[in-house]
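Worksheet for the structure shown next.
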Amino acid sequence: MQKDIATPIRTQEILKKYGFSFKKSLGQNFLIDSNILRNIVSHADLTKDSAAIEIGPGIGALTEHLARTAGKVVAYEIDQRLLPVLADTLSPYDNVEIIHGDILEADVQQIFKDQLQNYKDVMVVANLPYYVTTPILLKLLMDRLPVRGMVVMMQKEVADRITASPGTKAYGSLSIAIQYYMEAEIAMMVPKAVFMPQPNVDSAVIKLTRREEPPVQVIDEEFLFKVSRGSFVQRRKTIINNLQSSLPNGKAKKELIIQALEKVGVDPTRRGETLSIVEFGRLSNELYEEFH
Ligand code: SAM
């Protein structure tokens, strides 16, 4: 087997060989610890019958572990300077496809048709660029990719928000947007020392597993997310106050909002952070006719 990319010495060698300097603006914090990488990949439960989609391969530290475990790896890298590096470091693996581009602009559905048509089991596995974690996750979810789930590293604070339960400080519209599609759990915490350069924030890996069915049937998913976002605008305010301000003409239609809340069994003086996704879903259905 090849020597791992993710050791401090080999990483330094590669950076030096290519005169590579990190771009903070692209969230470039590379992993230099093989144990962490093995651990991340093991959470994805991949086999040679699976494929992995990676965002931001960097110099290929995680990519090579994925290539050894999965049947196929497709990785999107925005930084052109890394393309020759990846061509070199990943040359021992013939099952990796590097795509140069911004994942936020990518047509990933097309990749399923062109490259992943033989794979029924696909996972997203990535050490995400932290500056765009949320847009990337939301984009991948909204693209409705037929993935089993995602194992992704991010800033711990965002991981806490994504995996939060109702009634906790971290729970909010991001928890709802993600947990509507996926079951979410923290897989592991990751110390700063395993990155080069070390990030300023703590990191965690989360595991998302696609739900067979959403937890609640809604008329319009976008409207559910609008209602949930509108319920958290001022966290300390009651849900009725927040919805009055956030729904179109909400102030004039206060009575209608109260009626909808009461119909779904939600006391208007509760705060948004106490409502489950099911309650938000039912509430959005009640409000839909009047406010969508
Ligand atoms: N996977 C590597 C590792 O773990 O060592 C690198 C991870 S580093 C945290 C994030 C990577 O994402 C960088 O290589 C960066 O250039 C890339 N990146 C940043 N923004 C991106 C975007 N919008 N689309 C694709 N790749 C991006």
Side-chain angles (χ1 to χ4, degrees), residues 4-15 18 20-44 52-70 73-90 93 96-108 111 123-140 142-143 145 150-159 187-188 190-206:
D4 275 6
I5 296 167
T7 66
I9 292 176
R10 177 116 195 262
T11 300
Q12 287 286 11
E13 274 171 15
I14 294 167
L15 299 177
Y18 289 91
F20 184 83
S21 53
F22 293 102
K23 267 199 191 146
K24 217 175 161 183
S25 62
L26 290 179
Q28 291 178 337
N29 300 92
F30 297 168
L31 283 166
I32 50 165
D33 184 309
S34 297
N35 287 326
I36 294 282
L37 288 162
R38 268 191 287 277
N39 220 333
I40 293 173
V41 174
S42 77
H43 279 288
I53 298 175
E54 188 189 359
I55 296 107
I59 59 170
L62 174 58
T63 325
E64 78 172 346
H65 281 265
L66 293 170
R68 288 175 191 156
T69 317
V73 185
V74 176
Y76 289 89
E77 176 54 63
I78 198 170
D79 188 346
Q80 184 152 22
R81 299 173 306 155
L82 289 166
L83 302 186
V85 185
L86 288 163
D88 178 4
T89 57
L90 298 176
Y93 308 95
V96 179
E97 179 81 27
I98 303 288
I99 299 176
H100 176 220
D102 181 347
I103 185 67
L104 294 175
E105 306 289 326
D107 184 350
V108 190
I111 292 298
M123 287 291 282
V124 172
V125 187
N127 169 17
L128 291 171
Y130 292 0
Y131 75 106
V132 273
T133 298
T134 308
I136 290 175
L137 291 178
L138 293 178
K139 178 217 159 48
L140 296 176
M142 298 311 156
D143 280 358
L145 305 175
M150 308 190 196
V151 174
V152 276
M153 171 122 72
M154 62 191 63
Q155 187 175 338
K156 180 180 172 294
E157 184 252 319
V158 180
M188 61 194 210
V190 180
K192 288 180 184 159
V194 301
F195 296 91
M196 186 187 291
Q198 292 190 16
N200 298 323
V201 293
D202 289 326
S203 301
V205 174
I206 66 167

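When a ligand or atom number is given, it counts from 1 through the structure's own listing order. All figures in this text were calculated on a predicted structure; none of them were measured in a lab.
- We find the CZ-CG distance between R81 and L26 to be 7.5 Å, quoted to the nearest 0.5 Å.
- Residue contact annotation: F195 has no non-hydrogen atom under 4.0 Å from ligand 1.
- Among protein heavy atoms, atom 24 (N) of ligand 1 sits closest to I103 N, 3.0 Å.
- Counted within 6.0 Å of NZ on K156, heavy atoms from surrounding residues, nucleotides or ligands total 12 or fewer; the atom is thus considered open.
- Looking at V132, L66, L26, L62, it is L26 that brings a heavy atom closest to atom 15 (C) of ligand 1.
- Under the 3.5 Å distance criterion, the side-chain polar atoms of D102 are matched with a main-chain donor or acceptor of L104.
- Note on ligand 1: M153 sits outside its first shell, no heavy atom being nearer than 4.0 Å.
- Note that CG of L128 and OG1 of T134 are 9.5 Å apart. Values are rounded to the nearest 0.5 Å.
- Once rounded to the nearest 0.5 Å, the distance linking CG of L86 with CD1 of I5 reads 8.0 Å.
- Between the choices Q28, E77, R81, the shortest heavy-atom distance to atom 14 (O) of ligand 1 belongs to E77.
- Residue contact check: E54 has heavy atoms under 4.0 Å from atoms 1 (N) of ligand 1.
- Using a 4.0 Å cut-off between heavy atoms, Y130 makes no contact with ligand 1 at all.
- For the residue pair Y130 and N29, no side-chain donor N or O sits within less than 3.5 Å of a side-chain acceptor on the partner.
- The protein heavy-atom contact nearest to atom 18 (N) of ligand 1 is I78 CG2, 3.6 Å.
- Looking at D33, its side chain does come within 3.5 Å of a backbone N or O of N35 through a donor-acceptor pair.
- Scanning the protein for heavy atoms near atom 20 (N) of ligand 1, the closest one is Y131 OH, 2.9 Å.
- Within 6.0 Å of the NZ atom in K24, the count of heavy atoms belonging to other residues, nucleotides or ligands does not exceed 12.
- Close contacts of ligand 1 with G101, meaning ligand atoms under 4.0 Å from a residue heavy atom, involve 24 (N), 25 (C).
- At a heavy-atom cutoff of 4.0 Å, ligand 1 is contacted by no atom of A6, backbone or side chain.
- Near Y76, the atoms of ligand 1 lying under 4.0 angstrom from a non-hydrogen atom of the residue are 25 (C), 26 (N).
- One finds the CG atom of D79 at 12.0 Å from the CD1 atom of I59 (value rounded to the nearest 0.5 Å).
- Nearest protein heavy-atom neighbour of atom 4 (O) of ligand 1: N127 ND2, 2.9 Å.
- Atom CD1 of I78 sits about 7.0 Å away from atom NE2 of H100, to the nearest 0.5 Å.
- Between D102 and ligand 1, an N or O atom pair is found at a separation short of 3.5 Å.
- With a 4.0 Å heavy-atom cut-off, ligand 1 is reached by the side chain of L82 but not by its N, CA, C or O.
- Listed by atom number, the atoms of ligand 1 under 4.0 Å from L128 heavy atoms are 9 (C).
- The shortest N or O to N or O distance between L31 and ligand 1 is below 3.5 Å.
- Ligand 1 has no atom lying under 4.0 Å from any heavy atom of T63.
- The only option from I55, L140, I136 that meets the side chain to side chain contact (heavy atoms under 4.5 Å, CB included) definition with M150 turns out to be L140.
- Here the CD-CZ distance, from Q28 to F195, works out to 13.5 Å after rounding to the nearest 0.5 Å.
- In terms of N/O distances under 3.5 Å, ligand 1 is approached by G56.
- Below 3.5 Å of separation, one finds no N or O of G27 facing any N or O of ligand 1.
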